[in-house]
Amino acid sequence: MNIIVCLKQTFDTEEKIVLESGKISEDGVEFIINPYDEYAVEEAIKLRDEHGGEITVVTVGPERAESALRTALAMGADKAVIVDDQGLELDEYSVAKILAAVIKEREYDIILGGNMAVDNGSGQVGPRLAEELGIPQVTTITKLDIDGGKATIERDVEGDMEVIEVSLPVLVTAQQGLNEPRYPSLPGIMKAKKKPMERLTVDDLNIDGDVSAKTSVTETFLPPKKEAGRVLNGDIQDQVKELVALLRNEAKVI
Amino acid sequence: MEFNLTEEQRMIKNVIRDFAEGEVESGADERDKTGEFPLEVFKKMAKLDLMGLPFPEEYGGAGADTISFAIVVEELSRVCASTGITYSAHISLGGAPINMFGTHEQKQKYLTPLARGEYLGAFGLTEPQAGSDAGGTRTIAVRDGDEWVLNGSKCYITNASYAKALALTAVTDKSKGTSGITAFIVPTDAKGFSVVADYEKMGLHASNTTQLFLEDVRVPHENILGVEGNGFKQFLAVLDGGRIGIGAMAVGIAQGAYEKALAYAKERVQFGQTLSKFQAIQFKLADMAMNIELARNMVYKAAWLKDQGRKFTKEAAMAKLFASEMCMRVCDQAIQIHGGNGYMREYKVERFFRDAKLLEIGEGTSEVLRMVISREIGCR
């Protein structure tokens, strides 16, 4: 079985976000595999160990993102592809286009990704990629069984569960609860260096159409500091009046 | 000059930090109270193939370097020093002598299972009358045909209850002084060999500290480790490597105590502001951070020299001495910053303080290390 995992390198979830001249500073920041993508890597390894085959992990990002691929290789993936973004402004549309160009040249039975990245949280790249490739997609999955050319999938639908049968090839995105990602073993880490890492640029790819971003970020700002709450006192009637006045004049929500 | 960790070292650090925080930290207080040995932790570490970290792949190891070893010891000690010392002793005292001086057959028989985590490594050196003065070894071995008969006792031996075999030193020729000491590999289930773990210790409660008693223990001649009469030289070399482990432990314990003190200082409010706003406390924390960073650099340098195949006796002694002494100060100040709370077990820093003290004693006291450094810089 040929398995492709798309992953993104993101800020460690414990990092504090610091803005520097309107942009998020990466100074001294620890980077990790996006946690949802880590579920995808783990699931891919389980599938490979059960059905045989090969896992290719793919990312689009700056050079530093290579270390996320190395970690996936250390966990057990077989080879990696990085498309260097060369500092271009890319959005979900662009990344899906680039991934599609990388993947359509390869054989695959299943593509796994995270349900969303913990940085931008759009959850778009997976579905867009499936559309680009013209294959079915199942998002936010919590269980995956493959038998022959068919996958039986449980997916999280806002706290409820849906069971879906779908034929391969298929793209799925991982939700929390799908599995518990393994630690890379020490021999895995030592071997990761020797596994193939293909480095591409956008120019190396035969891309269908334009990859420039369709969206732009106009402003980046931190959420306002949480202020101390206010407790209203007095008669219920007065409290209601005051609350309505505050909602209208101060919070301006009515 | 290169101050970055390699890709592998960085990944090992990430894995062991996650592992330490996820699998080791939660039980540390309870183990400190009950003295329960962290056997489950080591089973899990064996699954990650960490138990043979620096040893050759041929013998079940992973072929990683000494810096990676130091990283693992530091990260374990940052959350549980008992786990840290168990691991450090397993690798640097248990596995290392067999790896350095053993024959191919001895390595296959004793190093491979140790590296796979099937048993823990230990090293029998210290005796009631031979502490810093290891030349005072009284355990004796007498040749009898193809066998040696060993009699004597060892004390303060880490991990021996969980070891299937260990290297220990015995006098084979009293007339030759330190050149009459030989190391033997002794199976712990040999007839006449007993291991007793009943010490009441100040700290490191979950590490296994034992006495060994040998009464007419017979081992075949082939169990001599390396060359007859080389035991003294061998353990000096073993201790050089072990000191990197103790230095790394000290950095880890200090780092753990410092992080707790920093977090506490940022939260605790007195006189209307957090402790971290008082210069008196800020300076304590700044000194802690500085000392930890310096010690870590020295531990890494000693490890790096070892990995380069260069002499590292002086640097390992400096790293261990500086790191263990700064660790004691850092833990002391971590309690001070916590005030009355710091004296209570609940705030954990007192555990770090009790655990830290051993590091100024084991594998060369501070005084012996100053002797080693003096000798290395040419004093005579």
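Quick caveat: nothing in here was measured; it's all calculated off a predicted structure.
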**Asked** If contact means a heavy atom pair closer than 4.5 Å, which residues of residues 177-198 of chain A contact chain B?
**Response** A/Tyr183, A/Pro184, A/Ser185, A/Leu186, A/Pro187, A/Ile189, A/Met190, A/Ala192, A/Lys193

**Message:** Side chains of B/Trp304 and B/Phe312, heavy atoms from C-beta outward: is any pair under 4.5 Å?
**Reply:** no

**Item:** Set of salt bridge (Lys or Arg N to Asp or Glu O under 4.0 Å) partners for B/Arg310, sequence neighbours left out
**Value:** none

**Asked** Do the side chains of B/Lys107 and B/Phe55 get nearer than 4.5 Å, heavy atoms only?
**Response** no

**Complete:** Which of B/Lys44, B/Lys43, B/Lys47 passes salt bridge (Lys or Arg N to Asp or Glu O under 4.0 Å) with B/Glu23? It is B/Lys44

**Message:** Any heavy-atom pair between the side chains of A/Ile3 and A/His51 that's under 4.5 Å?
**Reply:** no

**Message:** Only heavy atoms, only distances under 4.5 angstrom. Which residues in residues 6-18 of chain B are near chain A?
**Reply:** B/Glu7, B/Glu8, B/Arg10, B/Met11, B/Ile12, B/Asn14, B/Val15, B/Asp18

**Fill in**
Those residues at least two apart in sequence (or on a different chain) that pass side-chain hydrogen bond (donor to acceptor under 3.5 Å, both in side chains) with A/Thr59 are none

**Straight-line distance of A/Ile98 CD1 to A/Ile103 CD1, nearest 0.5 Å** = 11.5 Å

**Request:** Please tell me if the side chains of A/Leu7 and A/Asn34 come closer than 4.5 Å, counting only heavy atoms from C-beta onward.
**Result:** no

**Prompt:** Where do B/Ile337 and B/Ala261 come nearest, in terms of heavy atoms and distance?
**Reply:** CG2-O, 3.9 Å

